[in-house]
Enquirer: 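Take this structure first; my questions come after.
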Amino acid sequence: MSTVIVVGAQWGDEGKGKIVDLLTEFADSVVRHQGGNNAGHTLVVDDKTVVLHIVPSGVLHKGITCLVGPGVVIDPEVLREEIEMLQKQGHLESQKSLRLSGNCHIIMPYHKVLDSLCEDALGEQKIGTTGRGIGPVYEDKVARRGIRLMDLMQPDVLKEKVQRNLRRVNALLENLYGQKPMSDDFLGRYIKLGETLKPYMDDVVLRVHEQMDSGRHILLEGAQGTLLDPDHGTFPFVTSSPTIAGGALTGAGVGPKDITEVVGITKAYVTRVGEGPFPTELHDETGDMLRKNGHEVGATTGRPRRCGWMDAVALRHSVRVNGLTSIALTKMDVLTGFDTIRIAVGYKLNGEFLDYFPMDPQEQIDVEPVYEDMPGWTEDITQARDMEDLPPNALRYLNRISDLAGIPIVIASVGPARSETIVLNNPFRMRRD
């Protein structure tokens with residue numbers, strides 16, 4: 001039995017969808033453990049692009065059980081549309097292939113309204129939220145007033161909870177934001193959505209443990225990336241759920257002893273969507289070239305991503321807080337054609353050299369990267385299937401990142417397609433001493 005966690009090692013958008021899709025070939029189940037439809041995983045299979053927001057990326061493989069753990073928040077309308085889209089494409093032929101935890105909290109219409117109003121009120125201090133209600137629903141969850149998937153199946157319970165919550169929501173709308181109050185006219189729609197999703201509801205934690213007990217391989221996937229974690233990221237410019245490997249344990253209901261590998265996904269450069277610090281961000285033609293070559297547009301938001309050079313300091317931070325055992329490096333091909341490639345190996349702050357990622361928000365803004373320059377390459381690497389197929393400079397770049405991170409690179413993606421990948425080691429077959 002192997003249980004592998006896959007996490008984003010940067011600010012999200014690292015290409016987790018492709019890596020999870022690739023590793024699912026060796027797994028029996030894929031578990032989504034946190035986040036909501038504020039994130040999207042883009043997969044390219046047989047020249048077809050599929051963007052998933054809630055359903056685990058392993059859904060494109062036959063015979064895989066996809067489980068959505070209690071740490072995930074669900075917009076039932078978005079999920080219904082996603083299920084219908086996948087079924088039209090020949091996936092999810094059996095309802096048993098998708099299991100949803102009844103403890104998943106539900107995004108209600110008022111969460112989206114509050115999300116947008118709160119963001120607008122911040123003005124120049126805005127976070128860069130997607131406006132999909134993720135923050136407010138997690139706020140309701142920790143305040144113990146949330147509505148869960150199981151509540152959609154009980155109309156009387158749902159009505160009571162919604163009306164109770166609307167008293168608070170409407171007080172905020174009227175007194176804080178000067179808006180009209182909301183009614184509960186969406187109740188009927190959500191009850192019907194509950195009927196649609198009821199066949200998929202299950203005790204996901206129990207199912208995960210049954211699979212572990214039977215010796216099956218399990219892959220845990222999350223959304224976003226380490227530097228968006230509310231405890232370990234660039235607060236307050238973070239998401240609302242734990243994005244590090246520890247969040248996978250709580251969001252799926254498993255313990256540390258059950259985990260065999262933790263794989264960190266990182267691009268060969270760095271991108272970020274939304275506001276917040278970004279030490280190696282490029283505001284020049286080089287940044288524009290990275291954005292163009294990498295097709296760097298948010299899968300969920302459609303916003304252009306901010307682009308910059310590889311940040312080994314931030315990567316080492318991710319190695320520490322996640323307990324990463326290996327790296328999957330994506331989008332190597334995007335760097336083809338650059339004469340020089342830079343890696344931030346440290347920061348300067350007030351004349352001092354830092355080799356760690358600071359937690360103080362102002363220091364994250366004030367630091368200046370200390371770069372190490374490496375020669376680039378011009379050869380097409382998309383056909384490489386082994387390290388020996390790579391140009392010498394590309395191989396040197398990979399080895400340098402591994403040295404700086406202190407852990408091995410086990411997968412290197414050289415193109416968007418599933419086949420355009422170098423697999424050095426399969427995490428499901430690796431064992432730590």
Side-chain angles (χ1 to χ4, degrees), residues 8-22 40-45 47 49 51 225 227 264-273 278-299 301-312 314-315 318 327-344 369 371-385 387 389-402 404-405 409-424:
Q10 298 168 326
W11 278 283
D13 306 309
E14 300 97 346
K16 294 183 294 296
K18 173 181 174 175
I19 302 304
V20 170
D21 175 62
L22 180 76
H41 289 169
T42 302
L43 301 91
V44 180
V45 181
D47 296 325
T49 299
V51 179
L227 296 174
I265 315 300
T266 179
K267 279 178 182 168
Y269 50 102
V270 185
T271 63
R272 179 168 194 168
V273 169
F278 184 173
T280 64
E281 183 174 9
L282 295 167
H283 301 279
D284 55 13
E285 293 180 358
T286 301
D288 292 338
M289 187 174 174
L290 285 172
R291 189 176 301 107
K292 179 181 178 182
N293 292 356
H295 306 289
E296 295 296 353
V297 177
T301 64
R303 293 180 290 187
R305 295 179 183 137
R306 300 156 63 190
C307 296
W309 293 120
M310 166 61 70
D311 189 335
L315 180 57
S318 292
I327 291 171
L329 195 78
T330 63
K331 303 193 105 170
M332 273 283 291
D333 53 303
V334 175
L335 295 182
T336 299
F338 286 90
D339 294 331
T340 300
I341 298 171
R342 314 192 84 185
I343 304 176
Y371 286 112
E372 178 180 301
D373 291 349
M374 300 192 69
W377 62 90
T378 58
E379 301 92 332
D380 179 11
I381 65 171
T382 57
Q383 301 304 310
R385 298 296 178 266
M387 285 297 195
D389 298 333
L390 291 172
N393 288 344
L395 187 57
R396 290 189 191 100
Y397 184 69
L398 280 176
N399 289 335
R400 185 58 178 147
I401 291 172
S402 178
L404 289 167
I409 292 174
V410 295
I411 296 172
S413 174
V414 294
R418 182 188 287 171
S419 61
E420 295 174 332
T421 312
I422 298 171
V423 179
L424 294 171

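Just so you know, these numbers use all the heavy atoms, side chains as well, and skip hydrogens, waters and symmetry mates. This is a predicted model, so every value here is computed, not measured.
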Enquirer: Does the side chain of Lys267 come within less than 4.5 Å of Met332's, by heavy atoms?
Expert: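 SC-SC contact between Met332 and Lys267 ruled out.
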Enquirer: Can a donor-acceptor pair be found between the side chains of Trp11 and Thr271 at a distance below 3.5 Å?
Expert: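 Note: Trp11 and Thr271 side chains miss the donor-acceptor criterion.
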Enquirer: To the nearest 0.5 Å, what is the distance between CG (Asp389) and OG1 (Thr382)?
Expert: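 Reported to 0.5 Å precision, the distance equals 11.0 Å.
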Enquirer: Please identify each residue that fulfils ring-ring contact (aromatic ring centres under 6.0 Å, His included) with Tyr269, with sequence neighbours left out.
Expert: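 Residues passing ring-ring contact (aromatic ring centres under 6.0 Å, His included) with Tyr269: none at all.
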Enquirer: Grab the two heavy atoms, one from Ile409 and one from Leu424, that are nearest each other, plus how far apart they are.
Expert: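 The pair with the smallest heavy-atom distance is O-CD1, 3.2 Å.
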Enquirer: Find out whether Asn393 and Met374 are in side-chain contact, i.e. whether some heavy atom of one side chain is under 4.5 Å from a heavy atom of the other.
Expert: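 A side-chain contact is absent here, since even the closest heavy-atom pair is not under 4.5 Å.
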Enquirer: Write down the atom of Leu315, the atom of Ala405, and the distance for their closest heavy-atom approach.
Expert: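 Smallest heavy-atom distance, with atoms named: CD2-CB, 3.8 Å.
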Enquirer: OG1 of Thr280 to CD1 of Ile343: how many Å apart, nearest 0.5 Å?
Expert: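 So the OG1 of Thr280 and the CD1 of Ile343 are separated by 11.0 Å.
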Enquirer: Indicate the atoms forming the closest heavy-atom contact of Ala412 with Leu398, along with that distance.
Expert: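 In this case the closest contact between Ala412 and Leu398 is CB-CD1, 4.3 Å.
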Enquirer: Kindly give the heavy-atom pair with the smallest separation between Leu390 and Ala384, and that separation in Å.
Expert: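 Residues Leu390 and Ala384, closest heavy atoms: CD2-CB, 3.8 Å.
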Enquirer: Identify the heavy atoms of Pro279 and Pro369 that sit nearest to each other, and give their distance.
Expert: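 Looks like O-CG, 3.1 Å.
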Enquirer: Would you compute the distance between atom NZ of Lys331 and atom NE2 of His295 and round it to the nearest 0.5 angstrom?
Expert: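 If we round to the nearest 0.5 Å, Lys331:NZ and His295:NE2 are 7.5 Å apart.
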Enquirer: Could you go through the side-chain hydrogen bond (donor to acceptor under 3.5 Å, both in side chains) check for Arg396 and Asn399 one step at a time?
Expert: CA-CA 5 Å; Arg396 290 189 191 100; Asn399 289 335; over 6 Å; no
Enquirer: Of the non-hydrogen atoms in Lys16 and Glu14, which two are nearest, and what is the gap between them?
Expert: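 Nearest pair, atom of Lys16 first, then Glu14: NZ-OE1, 2.9 Å.
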Enquirer: Kindly indicate whether the side chain of Gln10, heavy atoms from C-beta on, has any atom under 4.5 Å from the side chain of Met310.
Expert: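 Heavy-atom side-chain distance check passes, below 4.5 Å.
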Enquirer: With side chains defined as the heavy atoms from C-beta onward, is the minimum distance between Ile401 and Thr266 less than 4.5 Å?
Expert: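 A side-chain contact under 4.5 Å is absent here.
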Enquirer: Can you tell me how far the OG1 atom of Thr336 sits from the CG atom of Asn293, to the nearest 0.5 Å?
Expert: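 Separation between the atoms: 8.5 Å.
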Enquirer: Parallel, tilted or perpendicular for Trp309 and Phe338, by the 30°/60° rule?
Expert: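 The rings of Trp309 and Phe338 stand perpendicular, inter-plane angle above 60°.
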Enquirer: For residues 281-291, which side-chain donor-acceptor pairs fall under 3.5 Å, sequence neighbours excluded?
Expert:
| unit_1 | atom_1 | unit_2 | atom_2 | d |
| --- | --- | --- | --- | --- |
| Glu281 | OE1 | Arg306 | NE | 3.2 |
| Glu281 | OE1 | Arg306 | NH2 | 2.9 |
| Glu281 | OE2 | Arg306 | NE | 3.1 |
| Asp284 | OD1 | Thr286 | N | 3.1 |
| Asp284 | OD1 | Gly287 | N | 3.1 |
| Asp288 | OD1 | Arg291 | NH1 | 2.9 |
| Arg291 | NE | Arg305 | O | 2.8 |

Enquirer: What's the separation between atom CH2 in Trp377 and atom CG in Asp333, rounded to the nearest 0.5 Å?
Expert: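 That separation rounds to 9.0 Å.
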Enquirer: Let me see the working for Thr330 and Lys18 under side-chain hydrogen bond (donor to acceptor under 3.5 Å, both in side chains), right down to the final yes or no.
Expert: CA-CA 9 Å; Thr330 63; Lys18 173 181 174 175; over 6 Å; no
Enquirer: Quick check for you: to the nearest 0.5 Å, what is the distance between Ile265 atom CD1 and Asp13 atom CG?
Expert: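 Here the rounded value is 13.0 Å.
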